Amino acid sequence: MSKQGVTPQSEDFSKWYNEIVYKADLAAQTEVRGCIIIKPYGYEIWEGIKSGLDRRFKATGHQNAYFPLFIPESYLKREAEHVEGFSPELAIVTIAGGKELEERLVVRPTSETVIGKAFSEWIQSYRDLPLLINQWANVVRWELRTRPFLRTTEFLWQEGHTAHATEAEAEAETLQMLDVYADMAMNDAAVPVIKGQKSNIERFAGALRTYTIEAMMRDKKALQSGTSHNLGQNFAKAFEIRYLDPANEQQYCWTTSWGLSTRMVGAVVMTHGDDTGLRLPPKLAPIQVAIVPIYKNDDEKAAVHDTVQRIAKELTAADIRITIDWRDQSPGFKFNDWEMRGVPIRMEIGPKDVEKNNAVLARRDIPGKEGKQFVPQAGIVNAVKTLLAHIQQNLFQQAEDFRDGNIHDVKNYDEFKQVIEAGNWARGWWAASDADERRVKEETGATLRCLPFDQPGGTGQCFLTGATAPRVALFAKAY
RNA sequence: CGGGGCGUAGCGAAGUUGGCAUCGCGCCGCGUUUGGGACGCGGAGAUCAUCGGUUCAAAUCCGGUCGCCCCGACCA
């Protein structure tokens, strides 16, 4: 595979993204439209996201389970808004075992319906609540336009599903899980996100309220990176999810669902990547340190060998993920290769370093000489750990500064159009109707990303209608 | 799903009026190299997306199908 450079982001961001995905070996294309192979290096990033989330799910009392891929078509039809939202993108099995099926089976686009059915059987009494379940699964949505990780026909995700006795509890759960997503995004993926509520138009099909974390990519487009829904009693009523309360009265449960997908891998790529390739946050990087031994001949190679092995062992013992690059290539080639793959730290160990008991550490987040430093071999584990933490922090800071510098407050529709036209995000007081929101989308291409939790307070004048508005909204062009 | 572009070796491309399938990178072997993308010599690798048609002869001309990319409408 050619490693010789990549199209600059400024020239063609889409092209840059595609090239990076394939050149950094994250994914491969397949014969089936919109379906990608997630290659080991890409899958390891997903595994990092996954384990970070799974740990947090367990810590908040959730258990994993697995529900079937196939859903009887009739289930989907029980919740009117839900089926309407999803029917255009369903894949449906009509023939199986060589026979036409009596009831068609939908390949799950999400599992509210099957899980709702199960919950209705599992829940009898208020003592069974809350019921806190998560599943790791693949889902299928027949998308018209696909992009690796960002929107694929089949994708991997987790979907949490919970049932509660009261609306307040369900709401608390919905918000808690949004916090879990934001925490993982910011602390593990170093992706700064804005928490907020979706508008009616952008709300999940069948939900009462939908909350979202929104991230800004380096082309300044918004990426919805995780969503959490308070489903109210809609699914409880459709699937008879009821419990007997302490007063011996039947009550409908309040349910929630929340999901985060392999799209997050795309978010990591597009939040941190630069013109030399990927830049991975240390916490998610499959390889945190790439050790490149430097030698001119076999004698030097032998001389360097022991030092490299010893340091590698120390790093591994400290749970630092490393690789040693003994490939028969020039050092320059290797430097570029690991930069393309986004490895946070490159360590060079050559004859001079062996002699002086040094090693060279080069940071991926600071290009060239600036990011290089000599460190003594004694205490190298701590030096690496500290540097990894700094890189994690710096990637987040860079992304946050970039994002904040590209969000602009607008007072009227003209300002709004200018900001959107320039590709930026617009924030303004908002009190307009659903119809107005659709019109804005039609006229400018920007969608209401969310009503941020973080509000200025008080009231202001709606930038579109001039009416008194209780809160600001965030608009942007989105993926 | 509309409009536009494109499918030739693993990747990127050339292929004129139809006539031996080319080039660069990568891959394999040998030798020289190696602290920012090394070089020489020798090799392997292609039903030219696919199906059909025209023709003595098709990568090339005609038609269908599939897939990919870009721009729009729909979506985690």
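Being a predicted model, the structure only gives us computed values, none of them experimental. The chains referred to below are lettered A, B, ... by the order of the sequence lines, with proteins before strands, and numbering in each begins at 1.
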*Between protein and nucleotides 40-45 of chain B, map the contacts as a letter string: B base, S sugar-phosphate only, - none, heavy atoms under 4.0 Å, written 5' to 3'.*
------
*Of A:Glu143 and A:Lys334, whose closest RNA chain B nucleotide lies nearer the 5' terminus?*
A:Lys334
_Selection from B:C69, B:G36, B:U34 that lies nearest to any side-chain heavy atom of A:Gln29_ = B:C69
_By the 4.0 Å heavy-atom rule, please label A:Thr153 as base, sugar-phosphate, or nothing._
nothing
_Nucleotide of B:C70, B:G36, B:A76 approaching A:Lys372 most closely (side-chain heavy atoms)_ = B:G36
*asked:* When both hydrogen-bonding distances must be under 3.5 Å and the geometry is Watson-Crick or G-U wobble, what is B:C39 paired with, if anything?
replied: B:G31
*Summary of side-chain hydrogen bond (donor to acceptor under 3.5 Å, both in side chains) pairs that have at least one residue in residues 262-283 of chain A, sequence neighbours excluded*: A:Asp274-A:Thr276, A:Asp274-A:Arg364, A:Thr276-A:Arg364, A:Arg279-A:Gln398
*Name the nucleic acid region contacted by A:Phe155, choosing base, sugar-phosphate or nothing; use a 4.0 angstrom heavy-atom cut-off, strictly under.*
base
*Using a heavy-atom distance cut-off of less than 4.0 Å, which residues of residues 175-191 of chain A contact RNA chain B?*
none
*Name all pairs fulfilling the salt bridge (charged side-chain N to carboxylate O under 4.0 Å, His left out) condition that reach into residues 176-187 of chain A, sequence neighbours left out, sorted by first residue then second.*
A:Arg56-A:Asp183, A:Asp179-A:Lys195
*asked:* Counting only side-chain nitrogens and oxygens, does A:Asn297 get under 4.0 Å of the OP1 or OP2 atom of B:U32?
replied: no
*Selected nucleotide, minimal atom distance to A:Phe335 side chain, candidates B:G36, B:U34, B:C70*: B:G36
*Near-strand residues of residues 287-295 of chain A, defined as heavy-atom separation under 4.0 angstrom from RNA chain B*: A:Ile294, A:Tyr295
*Partner set under salt bridge (Lys or Arg N to Asp or Glu O under 4.0 Å) for A:Asp434, not counting sequence neighbours*: none
_Just so I know, are the side chains of A:Leu231 and A:Ser257 near enough to count as touching, which here means a heavy-atom distance under 4.5 Å?_
yes
_Can you list everything that forms a salt bridge (Lys or Arg N to Asp or Glu O under 4.0 Å) with A:Arg346? Sequence neighbours excluded, please._
A:Glu339, A:Glu348
*Using the test side chain to side chain donor-acceptor pair (under 3.5 Å), find all partners of A:Trp338 that sit at least two apart in sequence or belong to another chain.*
A:Asp325
_Counting only side-chain heavy atoms from C-beta out, which of B:C69, B:C27, B:A76 sits nearest to A:Asn18?_
B:C69
*Do other residues, nucleotides or ligands put more than 12 heavy atoms under 6.0 Å from A:Asp298 CG?*
no
*Quick one: label A:Pro351 by what it contacts on the DNA or RNA (base, sugar-phosphate, nothing), any heavy atom closer than 4.0 Å.*
base
_The criterion is salt bridge (Lys or Arg N to Asp or Glu O under 4.0 Å); which residues satisfy it with A:Glu81, sequence neighbours excluded?_
A:Arg203
*Would you say a side-chain N or O of A:Lys441 is under 4.0 Å from OP1 or OP2 of B:C74?*
yes
*Give a yes or no on whether a donor-acceptor pair under 3.5 Å exists between the nucleobase atoms of B:G35, that is its base, and the side chain of A:Glu300.*
no
*asked:* So A:Gln158, base contact, sugar-phosphate only, or nothing? Heavy-atom distance under 4.0 Å.
replied: nothing
For nucleotides 1-8 of chain B, print each protein N/O atom paired with a nucleotide N/O atom at under 3.5 Å, atom names and distance only.
none

*Sort and list the pairs that fulfil salt bridge (charged side-chain N to carboxylate O under 4.0 Å, His left out) and have at least one residue in residues 131-155 of chain A, not counting sequence neighbours.*
none
*A:Lys352 near the nucleic acid: base, sugar-phosphate alone, or nothing, with a heavy-atom cut-off under 4.0 Å?*
base
*Would you kindly check whether a donor in the side chain of A:Arg346 faces an acceptor in the base of B:G36, or vice versa, at under 3.5 angstrom?*
yes
*Give one of base, sugar-phosphate or nothing for A:Gly259, where a contact means two heavy atoms less than 4.0 Å apart.*
nothing
_Base of B:G37, side chain of A:Asp337 - is there a donor-acceptor contact under 3.5 Å?_
no
*Measure from the side-chain heavy atoms of A:Asn336 and tell me the nearest of B:C74, B:G36, B:C27.*
B:G36
*Can you list, by residue number, the residues of residues 260-276 of chain A that have a non-hydrogen atom closer than 4.0 angstrom to RNA chain B?*
A:Ser261, A:Arg263
*Considering only side-chain heavy atoms of A:Ser14, which listed nucleotide, B:G35, B:C70, B:C74, is closest?*
B:C70
